[in-house]
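Let me begin by presenting the structure, written as structure tokens, before commenting on it.
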Amino acid sequence: MPELPEVETSCRGIAPHLTGEVISGITIRQAKLRWPIPDDLPSLLTGQTITAVTRRAKYLFITTDIGSLILHLGMSGSLRMVDSSTPAEKHDHFDLLLSNGKLLRLRDPRRFGAVLWGGLHPENHVLITHLGPEPLDEAFSGKHLYQIGHKRRGAIKNLIMDAKVVVGVGNIYASESLFLAGIHPGCTANSLSKNHYYRLAEAIKQVLAKAIEQGGTTLKDFQQSDGKPGYFAQQLNVYGRSGEPCPTCGNTISQCKIGQRSSFFCHHCQH
DNA sequence: CAAAGGTCCTGCTCGC
DNA sequence: TGCGAGCAGGACCTTT
């Protein structure tokens, strides 16, 4: 599920329900996620007050006075606020219980997600320190992309999905951004001009900003039992549409593998 | 059997 | 040749 817009939507959805609340306990049903959930979390966090919920890349930070919990949703994770009487289902691995009778529940069938302790400075955690700029920050620009990309020999799609280059561009939005910029996903990075990079950076910003906006439209439904992520409803131009006509030129959308991942593009519009 | 929205780790390759 | 950065592939899991 989670690309950046989904994580941002989750962050905005849970923040008002968590901020200011007291943690009354933690339930770990399955500790084996991407990394083991630390077993001292319950004793550490019980009784603490949540002061903030924030996001960096696709990681969420749930902050208290003694430090922050770091969450990652991996490939199939989702978060939900539910009443503490709600029975846990098969893949509900982790609950953060609140003293008001609610809880934050992590569901993650594929278990590529993570629940980690970030301490007082989660931004210094080994998973966080080497991350590139946020795509919607000014630090991410065509200039930044060009400086890194012009001497790389790998495919451009892999470059923009590299979290050391820019965070938050997943497989869906990599294809979408490259379509918008008119760049073939398999292009070698060092074959692109400065102009290409400027266009691509703008396309990434535009695609992600729009997706976050659309994710936001379902925020009010966040607590509902089957609240679906907003981006499912959004318009994707090429992702998942091989064989369909290109919305720009009408030619058939192609699919190929780049770096083991499915990639979608229009042969006619992208070079 | 293949594929699914993530990303870290390993071991090889390439260019200085 | 030697070195380090960069690159491709494998790994982790379950469900459809």
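We use all heavy atoms of the structure for the numbers below, so side chains are in, but hydrogens, waters and symmetry mates are not. These numbers come from a predicted model, not from an experiment. Naming convention: chains lettered A, B, ... in sequence-line order (proteins, then strands); numbering from 1 in each chain.
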Completion exercise
All heavy atoms of A/Ile253 vs all of A/Pro247, minimum pair found to be CD1-CD, 4.3 Å

For nucleotides 8-10 of chain B, list the nitrogen or oxygen atoms of the protein found under 3.5 Å from its nitrogen or oxygen atoms, one pair per line.
from	atom 1	to	atom 2	distance (Å)
B/dC8	OP1	A/Tyr59	OH	3.1
B/dC8	O4'	A/Arg34	NH2	2.7

Practice task
Can you sort out the partners of A/Phe264 under ring pair (Phe, Tyr, Trp, His ring centres under 6.0 Å), two or more places apart, ordered by chain and number?
Solution key: A/Tyr239

Exercise for the section: Could you state the atom-to-atom distance from CG of A/Leu4 to C1' of B/dT7 in whole Å? Expected result: 15 Å

Problem - Nearest-0.5 Å distance, CD of residue A/Glu21 to NZ of residue A/Lys102 - result: 10.0 Å

Exercise for the section: Kindly determine whether A/His17 and A/Ile14 satisfy side-chain contact (heavy atoms from CB on, under 4.5 Å), including the steps that lead there. Expected result: CA-CA 5 Å; A/His17 299 282; A/Ile14 64 176; 5.5 Å; no

Practice task
Considering only heavy atoms of chain A and a distance under 4.0 Å, specify the first and last nucleotide of DNA chain C in 5' to 3' order that meet this criterion.
Solution key: C/dG6 to C/dT15

Problem - P-based separation of B/dA3 from C/dG9 [nearest Å] - result: 15 Å

Fill in the blank from the handout: note: A/Asp108, atom CG; B/dT7, atom C1'; distance rounded to Å ~ 13 Å

In residues 186-193 of chain A, what donor-acceptor pairs under 3.5 Å come from side-chain atoms, sequence neighbours left out?
from	atom 1	to	atom 2	distance (Å)
A/Thr188	OG1	A/Arg153	O	2.7
A/Thr188	OG1	A/Asn190	OD1	3.4
A/Asn190	ND2	A/Arg152	O	3.4
A/Ser191	OG	A/Thr188	O	2.7
A/Ser193	OG	A/Asn195	N	3.4
A/Ser193	OG	A/His196	N	3.1
A/Ser193	OG	A/His196	ND1	3.0

Problem - Hphob cluster co-occupancy, A/Leu71 + A/Ile128, side-chain heavy atoms under 4.5 angstrom - result: no

Practice task
Quick one: stems involving DNA chain B, counted as three or more successive Watson-Crick or G-U pairs, both distances short of 3.5 Å.
Solution key: B:2-4 with C:14-16, B:6-16 with C:2-12

Problem - Rounded C1' spacing from C/dT15 to B/dC8 in Å - result: 23 Å

Completion exercise
A/Gln255 atom CD is separated from B/dA4 atom P, nearest whole Å, by 7 Å

Handout entry: Donor-acceptor contact present, side-chain A/Gln270 to main-chain A/Cys266, <3.5 Å
Key = yes

Practice task
Sort and list the pairs that fulfil ring-ring contact (aromatic ring centres under 6.0 Å, His included) and have at least one residue in residues 73-111 of chain A, not counting sequence neighbours.
Solution key: none

Exercise for the section: Would you indicate what A/Asn158 reaches in the nucleic acid, counting non-hydrogen atoms under 4.0 angstrom: base, sugar-phosphate, or nothing? Expected result: sugar-phosphate

Problem - Contacts of A/Glu244 that satisfy salt bridge (Lys or Arg N to Asp or Glu O under 4.0 Å) - sequence neighbours left out - result: A/Arg241

Exercise for the section: Would you mind reading off the distance between A/Ile172 atom CD1 and B/dA3 atom P, rounded to a whole angstrom? Expected result: 17 Å

Distance-only criterion, 3.5 Å: show the donor-acceptor pairs between side-chain atoms of residues 58-65 of chain A and protein atoms not counting sequence neighbours.
from	atom 1	to	atom 2	distance (Å)
A/Thr63	OG1	A/Ser68	OG	2.9
A/Thr64	OG1	A/Ile66	N	3.2
A/Thr64	OG1	A/Gly67	N	3.4
A/Thr64	OG1	A/Gly67	O	2.9

Problem - Contact under 4.0 Å: A/Arg261 side-chain N or O vs B/dG6 OP1/OP2 - result: yes

Fill in the blank from the handout: For A/His184, the ring pair (Phe, Tyr, Trp, His ring centres under 6.0 Å) test, sequence neighbours excluded, returns A/Phe265

Completion exercise
Residue pairs meeting side chain to side chain donor-acceptor pair (under 3.5 Å), one or both in residues 31-53 of chain A, sequence neighbours left out, come to none

For residues 134-151 of chain A, dump all side-chain donor-acceptor pairs below 3.5 Å to protein atoms at least two apart in sequence or in another chain.
from	atom 1	to	atom 2	distance (Å)
A/Glu134	OE1	A/Arg55	NH1	3.0
A/Glu134	OE1	A/Arg55	NH2	3.3
A/Glu134	OE2	A/Arg56	NH1	2.9
A/Glu134	OE2	A/Ala57	N	2.7
A/Ser141	OG	A/Lys143	N	3.4
A/Ser141	OG	A/His144	N	3.1
A/His144	NE2	A/Val165	O	2.8

Handout entry: Close approaches to DNA chain C from residues 145-153 of chain A, in residue order (heavy atom, under 4.0 Å)
Key = A/Arg152, A/Arg153

Practice task
Remember a base hit wins even if backbone is also touched, and classify A/Lys58 as base, sugar-phosphate or nothing at under 4.0 Å, heavy atoms.
Solution key: sugar-phosphate

Handout entry: Whole-Å distance separating the CG atom of A/Leu73 from the C1' atom of B/dT7
Key = 14 Å

